[in-house]
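Taking it in order: structure first as structure tokens, then the write-up.
Order of the sequence lines fixes the chain letters, A, B, ..., with proteins taken first and strands second; residue numbering starts at 1 for each chain. FYI, side chains are in, hydrogens and waters are out, and symmetry mates aren't considered; it's all heavy atoms of this structure.
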Protein chains: 2
Amino acid sequence: MLRRALRLAVDPPGGVSIEALRALARDDATEWDIATTAKHLGVSPHTLRYYERIGLVQVARDAAGHRRYGAPAVRRLVFLTRMRTSGMPISDLRHYIDLVDSGQDTVSERMDLLLEHRDILRSRIAGLQLALAATEYKIAVYQEVHQP
Amino acid sequence: MLRRALRLAVDPPGGVSIEALRALARDDATEWDIATTAKHLGVSPHTLRYYERIGLVQVARDAAGHRRYGAPAVRRLVFLTRMRTSGMPISDLRHYIDLVDSGQDTVSERMDLLLEHRDILRSRIAGLQLALAATEYKIAVYQEVHQP
DNA sequence: GTAGGGGTGTGAGCGCACTCAAACGCAAGG
DNA sequence: CCTTGCGTTTGAGTGCGCTCACACCCCTAC
């Protein structure tokens with residue numbers, strides 16, 4: 001319930017929609033063009049081409065040479081954009097993807113990256129909560145001063 | 001108690017220490033040089049000079065022309081760095097400071113900025129919490145796979 | 001007196017993550 | 001046929017927030 005509320009509150013600014021995720025989970029024959037993919041992920045087509053250029057994903061082409069994003073590519077991009085928007089640098093994403101692409105025996109190294117990111121996220125959240133408290137305090141002070 | 005724990009957990013990476021804040025609150029005759037100020041704020045002297053250059057603070061000089069950060073300057077910088085590290089862009093800080101420097105009748109406009117920042121902080125926190133959950137989920141999956 | 005370790009102002013440089021421009025290709029609709 | 005619209009590649013450009021290099025200054029200690 002809480003999770004639903006959070007998701008609804010946070011989804012709009014960008015991120016796959018819930019139905020789209022469901023379709024992905026069903027290992028769909030999803031085949032999106034670049035515009036559709038970009039819209040679902042909340043990024044620009046520019047960014048998707050950029051991610052491909054720097055080797056974060058490989059994307060198939062149709063007869064006309066246009067990109068076709070299949071379920072695996074989209075799933076990877078969902079993960080990547082989630083990590084990106086939560087502050088993981090592109091270099092780390094590259095590293096992670098390199099590990100993924102080089103087999104099963106890199107699992108513990110991937111774990112290390114994820115664990116590190118988890119810790120970063122925790123302390124960033126704590127920091128933002130502190131900043132939020134400070135901001136709310138300042139707002140309260142202004143309100144008192146303004147209309148005592 | 002929780003607040004103390006949070007503060008202790010978050011302070012180290014940068015931010016004024018508690019004693020230093022107390023001294024400031026007592027409207028001390030604080031007179032720090034640039035290195036001390038930088039250390040207390042968790043930024044570099046470069047950054048402090050930069051902030052002054054772009055008009056975020058005015059800083060007095062001693063006889064040798066060296067910067068002396070008094071209590072008002074430090075208080076302002078505490079606020080500024082807090083807002084900065086929580087993601088407020090420099091342009092907004094400039095705007096805010098301009099409002100502060102142009103008198104009492106800009107209070108409601110300042111409030112608007114703070115309210116907007118508060119909302120941004122809230123949704124960023126929510127987003128990071130979602131990313132944290134996703135990361136923890138992935139970690140859990142890896143752990144299962146690795147040692148079932 | 002001189003070496004060292006701090007400081008100064010200024011313009012330029014950097015790293016990151018996009019973002020865009022230019023020149024082109026294809027395919028459908030009027 | 002020709003426009004419209006979306007796509008392509010590649011190299012270059014942008015905006016942000018610092019960060020540094022340079023040439024200089026001042027004070028202290030030896």
Side-chain angles (χ1 to χ4, degrees), chain A residues 13-15 31-70 73-74 76-77 79-97 117 120 124 127 131, chain B residues 13-15 31-70 73 77 79-97 117 120 124 127 131:
Chain A
E31 281 284 310
W32 288 339
D33 63 18
I34 196 169
T36 310
T37 313
K39 201 171 54 186
H40 281 300
L41 288 168
V43 301
S44 75
H46 283 311
T47 301
L48 288 180
R49 296 195 196 96
Y50 170 65
Y51 283 1
E52 187 180 354
R53 252 208 286 195
I54 63 176
L56 289 180
V57 263
Q58 290 183 350
V59 184
R61 306 297 149 111
D62 66 9
H66 292 191
R67 287 169 177 81
R68 310 254 67 207
Y69 290 84
V74 174
R76 176 171 284 193
L77 284 167
F79 172 73
L80 290 171
T81 53
R82 210 173 250 153
M83 293 299 108
R84 261 306 294 136
T85 61
S86 66
M88 182 179 281
I90 294 253
S91 55
D92 284 10
L93 291 176
R94 273 305 317 269
H95 188 189
Y96 186 89
I97 288 304
H117 189 57
I120 288 170
R124 284 163 60 92
Chain B
E31 280 282 309
W32 289 338
D33 62 16
I34 195 168
T36 311
T37 313
K39 203 172 53 186
H40 281 300
L41 289 169
V43 301
S44 75
H46 284 310
T47 301
L48 289 180
R49 296 196 195 96
Y50 169 65
Y51 283 0
E52 187 180 352
R53 251 210 285 197
I54 63 176
L56 289 180
V57 262
Q58 290 183 350
V59 184
R61 305 298 148 111
D62 67 8
H66 293 191
R67 287 170 177 79
R68 310 253 69 202
Y69 290 84
L77 283 167
F79 171 73
L80 290 170
T81 52
R82 209 172 250 155
M83 293 298 109
R84 262 305 295 136
T85 60
S86 67
M88 183 179 278
I90 295 249
S91 54
D92 284 9
L93 292 177
R94 274 305 319 267
H95 188 191
Y96 186 87
I97 288 303
H117 189 58
I120 288 170
R124 283 162 61 94

Q) For A:A64, which residues count as a side chain to side chain contact (heavy atoms under 4.5 Å, CB included) partner, sequence neighbours excluded? A) A:D62, A:H66

Q. To the nearest 0.5 Å, how far apart are CZ in B:R53 and OG1 in B:T47?
A. 11.0 Å

Q.
Run B:Y51 and B:I90 through side chain to side chain contact (heavy atoms under 4.5 Å, CB included) and show every step you take.
A. CA-CA 9 Å; B:Y51 283 0; B:I90 295 249; 3.8 Å; yes

Q.
Rounded to whole Å, how long is the line connecting atom CD1 of B:I54 with atom C1' of D:dG17?
A. 9 Å

Q) Does a side-chain N or O from A:R61 land closer than 4.0 Å to OP1 or OP2 of D:dT9, or not? A) yes

Q) Reading nucleotides 11-26 of chain C from the 5' end, what letters show protein touch, with B for base, S for backbone sugar-phosphate only, - for no heavy atom under 4.0 Å? A) B-----BBBB----B-

**Q.** Euclidean distance, atom NZ of residue B:K39 to atom C1' of C:dG6 [Å, nearest integer]
**A.** 14 Å

Q: Grab the CD-C1' distance between B:E52 and C:dT10 for me, whole Å please.
A: 14 Å

Q. Could you give all pairs that pass the salt bridge (charged side-chain N to carboxylate O under 4.0 Å, His left out) test and reach residues 83-95 of chain A, with sequence neighbours left out?
A. A:R94-A:D98

Q) Atom CG of B:D62 to atom C1' of D:dC26: distance rounded to whole Å? A) 10 Å

Q: Please name all residues satisfying salt bridge (Lys or Arg N to Asp or Glu O under 4.0 Å) with B:R67, sequence neighbours left out, ordered by chain then number.
A: B:E52

Q | Angle between terminal axes - the helix from C:dG1-D:dC30 to C:dG30-D:dC1, 5 pairs each end, rounded to 10° | A | 20°

Q. When all nucleic acid strands are considered with a 4.0 Å heavy-atom cut-off, which category describes B:A35: base, sugar-phosphate, or nothing?
A. sugar-phosphate

Q | Contacts of type side chain to side chain donor-acceptor pair (under 3.5 Å), residue A:S86, not counting sequence neighbours | A | A:H117

Q. Does A:R67 have a side-chain nitrogen or oxygen under 4.0 Å from the phosphate oxygens OP1 or OP2 of D:dT8?
A. yes

Q. Taking only residues two or more places apart in sequence or in another chain, which ones pass side chain to side chain contact (heavy atoms under 4.5 Å, CB included) with B:A38?
A. B:P45, B:L48

Q | B:L48 CG - D:dC18 P separation (whole Å) | A | 11 Å

Q. Can you name the residues that form a side chain to side chain donor-acceptor pair (under 3.5 Å) with A:Y96, not counting sequence neighbours?
A. B:Y142

Q: Taking side chain to side chain donor-acceptor pair (under 3.5 Å) as the test, write out the residues that go with B:R124, two or more places apart.
A: none

